[in-house]
Amino acid sequence: MLSILLPIYNFEVRALVAELHRQCELAGIEFEICCFDDGSTEKFKTTNRTIKGYSKVVYQELNKNL
């Protein structure tokens with residue numbers, strides 16, 4: 001199984017997650033994409049929350065930047 005970890009801070013990751021998801025599905029491998037937002041501004045968190053809709057994607061927000 002391939003685990004991909006994406007730490008996020010004030011960056012839009014929708015396109016990156018979509019492409020990684022597409023490539024993993026195409027390769028036919030078992031995978032997960034874990035995205036952890038490290039206290040981004042609300043603008044980025046709102047935008048990135050849409051990635052929750054992908055299968056095998058975990059999106060979690062931390063309350064403050066660590």
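Remember, it's a predicted structure, so these values are computed and weren't measured experimentally.
Side-chain atoms of V17 and Y54, non-hydrogen and from C-beta on, do get closer than 4.5 Å to each other.
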Listing, residues 19-28 side-chain donor-acceptor contacts under 3.5 Å, not counting sequence neighbours, or none:
unit_1 : atom_1 : unit_2 : atom_2 : d
E19    : OE1    : R22    : NE     : 3.2
E19    : OE2    : R22    : NH2    : 2.7
E19    : OE2    : Q23    : NE2    : 2.6
H21    : NE2    : S55    : O      : 2.9

Which pairs of donor and acceptor atoms, one on a side chain in residues 30-39, lie under 3.5 Å apart (sequence neighbours left out)?
unit_1 : atom_1 : unit_2 : atom_2 : d
E32    : OE2    : S3     : OG     : 2.7
D37    : OD1    : G39    : N      : 3.2
D37    : OD1    : S40    : N      : 2.8
D37    : OD1    : S40    : OG     : 3.3
D37    : OD2    : S40    : OG     : 2.7
D38    : OD1    : L66    : N      : 2.8
D38    : OD2    : N65    : ND2    : 3.4
D38    : OD2    : L66    : N      : 3.3

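Criterion: ILVMFWY side-chain heavy atoms under 4.5 Å apart, direct or through other members. Under it, L6 and I29 are part of a common hydrophobic cluster.
Partners of T50 by side chain to side chain contact (heavy atoms under 4.5 Å, CB included), not counting sequence neighbours, listed by chain and number: R14. Applying the side chain to side chain contact (heavy atoms under 4.5 Å, CB included) rule to F11 yields the partners V13; only residues at least two apart in sequence or on another chain are considered.
Residue V58 belongs to no hydrophobic cluster, having no ILVMFWY side-chain heavy atom closer than 4.5 Å to its own.
Between I51 and V57, the closest heavy-atom pair is O-CG1, 3.6 Å.
Listed by first then second residue, pairs satisfying salt bridge (Lys or Arg N to Asp or Glu O under 4.0 Å) with a partner in residues 42-53 read E42-K45, E42-R49, R49-E61, not counting sequence neighbours.
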